[in-house]
Amino acid sequence: MSAGWLRACALVMIGLFSAGALAAAKQPTAIVVGGGLAGLTAAYELQNKGWQVTLLEAKPGMGGRSGLATSEWIGNSKAQPTLNRYLDTFKLATLPAPEFVRVPSYLIDGEYFSAADLATKQPATAEALKRYEKTLDDLARSISDPENPAANSTLFALDQLNVSGWLDKLQLPPTARQLVNQQIRTRYDEPSRLSLLYFAQQTRVYRDVSDRDLRAARLPGGSPVLAQAFVKQLKTIKTSAPVSAIIQDKDGVTVKVGAVGYSADYVVLAVPLRALAKIQMTPSLDNQHLAALKGTNYGWRDQLLLKFKTPVWESRARMSGEIYSNTGLGMLWIEPALKGGANVVINLSGDNARLLQAFGDKQMVDQVLIRLHAFYPQARGAFTGYEVRRYSTDAGTGGAYLAYGPGQISRFWRLWERPVQRVAFAGEHTDALYPGTLEGALRSGQRAAGQVVDMSNGKSFDPAKLAPVAAGAAAAAVAAKDSKPGFFSRLFGGGDKPVDNAPAKPVDAAPAPAPVARQAPAKPAPAAKKAPAKAAPAKKPAAKAQPVKKPAAKPVAKKPAAATQAKTQ
Ligand SMILES: Cc1cc2nc3c(=O)[nH]c(=O)nc-3n(C[C@H](O)[C@H](O)[C@H](O)COP(=O)(O)OP(=O)(O)OC[C@H]3O[C@@H](n4cnc5c(N)ncnc54)[C@H](O)[C@@H]3O)c2cc1C
């Protein structure tokens with residue numbers, strides 16, 4: 001029992017402390033749904049602020065997409081500042097990355113090329129790649145504020161285009177185009193499915209970050225090590241607890257896992273959009289959110305870990321870091337340190353991954369082995385096994401990560417950054433600057449935790465006073481008049497009119513949300529009305545958001561998921 005609570009009880013007894021003030025002393029409660037890095041961060045931050053937090057994760061294990069995607073190579077504090085801060089907090093040591101992983105390399109028709117090799121042995125391809133990078137950099141520079149990428153009509157128009165059409169205009173030689181396609185589909189999605197504005201905005205975000213910054217260090221064990229560090233800090237985690245419904249009312253939120261209901265003051269919903277679409281929300285989300293759930297594009301990237309007795313690739317190649325292949329092999333990533341042996345992670349992405357969905361795991365691996373064997377004849381003999389992780393068809397993920405398609409920034413920009421009543425959203429897909437990354441997931445968890453605290457302090461995130469989006473489009477139209485002539489000619493080598501190859505409804509883009517101070521909250525925070533709960537002892541998992549019995553109208557806990565209550569280690 002906390003000292004504060006004892007003191008409050010004593011003061012009530014002697015009539016010096018009102019019941020309202022007593023209620024206000026109650027420890028605020030939150031439920032975090034989703035045990036990926038976003039949910040873990042939100043839970044950790046709220047717990048550190050004195051909140052009683054219960055984390056519900058659908059799967060038996062924690063960490064979400066940081067599972068097999070165990071890239072041990074991570075960025076420095078310039079590339080991933082939040083990630084590096086948490087590594088410091090948890091005292092997780094990293095090692096400097098060896099030089100050969102710090103720049104991308106290429107596998108062209110089975111032959112390995114470092115960037116330097118390419119310049120001497122395939123100068124036409126190297127030149128074309130340089131030209132592509134320069135044009136892309138020009139495009140990225142046209143975005144002055146990556147947090148508001150569609151700031152004028154010219155930029156807004158880029159969102160209606162796809163990347164493939166833009167690449168066509170560059171007329172790259174075939175090999176260069178294959179390599180560029182591979183890089184884009186690995187990092188985002190198939191170029192034909194990707195908004196040109198999103199591609200430009202992401203390039204802008206990373207403009208001052210070199211490839212060398214992106215793979216500057218190695219975290220032995222990879223991102224699951226970070227996930228476990230969070231798990232160790234958290235008091236209450238329930239695994240194998242898939243949330244099916246969230247019911248909000250004026251006093252709080254009930255989260256249902258099958259027949260069991262958990263109550264809290266606030267919820268952080270840290271699941272990917274496809275998983276969120278399966279959770280029944282009461283009251284329902286509005287049409288814009290529903291459209292975003294249905295329509296937001298996720299990149300496809302599935303991973304195959306192929307295990308060999310000994311390395312089968314040419315030793316000079318080392319084959320570590322990002323290696324872009326111009327054949328159907330996708331991006332390769334040799335992980336000598338991962339799980340022992342000589343392992344290669346093959347990332348099948350974009351439409352290559354979509355095509356292979358028709359295959360079972362074994363056939364998928366066979367298809368890849370056939371290609372690898374063509375280059376490395378010992379491959380079959382040395383092959384010992386595989387692991388496959390299909391993020392794209394996993395119901396808890398529904399894709400690798402967010403990759404806005406044409407027209408989607410215009411419609412859904414920063415939509416999930418704004419809480420809906422008592423629910424704040426987290427997850428890589430909710431971060432404006434670093435979606436699709438560990439950094440984005442961590443940042444989103446921090447932001448959502450902050451919003452929950454703000455809400456409990458009386459701040460409102462209601463969109464009431466936000467400018468209608470149509471006004472944004474009108475402003476964009478005015479800006480169009482002011483935009484410099486020749487912009488599109490320079491970028492696309494064509495006329496100034498953007499090619500309308502993606503039907504998209506302009507407008508209803510959500511302006512960036514900002515907390516709006518609620519006018520003098522008349523009542524104490526809703527949590528204060530409830531009967532006070534016992535404060536948890538400092539280190540022990542305890543009562544916190546137990547399945548609760550509620551009045552008839554509310555969900556009733558039939559039985560706790562006993563098997564899954566243990567804190568996951
Ligand atoms: C193949 C691949 C490679 C990647 N490589 C890198 C990289 O090199 N560097 C990098 O920075 N990032 C990389 N990423 C991205 C990074 O892994 C993700 O951005 C990050 O892990 C996402 O974290 P999250 O918490 O937002 O989502 P998730 O990790 O997906 O967490 C969501 C959790 O919610 C759970 N859940 C879903 N539905 C429910 C429900 N109804 N009830 C309860 N729980 C539910 C899920 O099981 C999951 O555990 C990669 C991703 C993939 C797929």
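Just follow the structure's listing: the first ligand is 1, and inside any ligand the first atom is 1.
In terms of N/O distances under 3.5 Å, ligand 1 is not approached by Gly427. Taking any N or O of Thr437, backbone or side chain, at least one lies under 3.5 Å from an N or O belonging to ligand 1. Where the criterion is an N or O separation shorter than 3.5 Å, residue side chain and backbone included, Thr397 fails it with respect to ligand 1. Considering backbone and side-chain N/O atoms, Glu57 comes within less than 3.5 Å of an N/O atom of ligand 1.
If you look at His429 next to ligand 1, there are no close heavy atoms at all, none under 4.0 Å. Proximity of Val243 to ligand 1, defined as any heavy-atom pair under 4.0 Å, is shared by backbone and side chain alike. Contacts of Glu428 with ligand 1, taken as heavy-atom pairs under 4.0 Å, involve both backbone and side chain. The proximity of Ala241 to ligand 1, defined as any non-hydrogen pair under 4.0 Å, is limited to the backbone. Looking at Pro272 against ligand 1, only its side chain comes within 4.0 Å, counting heavy atoms.
Salt bridge annotation for Arg422-Asp265: absent, with no cationic side-chain nitrogen under 4.0 angstrom from a carboxylate oxygen. Between Asp431 and Arg443 there is a salt bridge, since a side-chain N of the basic residue sits under 4.0 Å from a carboxylate O of the acidic one.
Here the closest non-hydrogen pair linking Phe425 and Val420 is CE1-CG2, 3.7 Å.
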Exercise. Asp211 and Arg187: salt bridge (charged side-chain N to carboxylate O under 4.0 Å, His left out), yes or no, with the steps?
Worked result: CA-CA 13 Å; Asp211 280 324; Arg187 291 188 181 172; 3.6 Å; yes

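For residues 189-201, every residue pair satisfying the side chain to side chain donor-acceptor pair (under 3.5 Å) rule, not counting sequence neighbours, is listed here: Asp159-Ser195, Arg185-Glu190, Asp189-Asn297, Asp189-Arg354, Arg193-Asp351.
The closest approach between a heavy atom of Gly436 and any atom of ligand 1 is below 4.0 Å.
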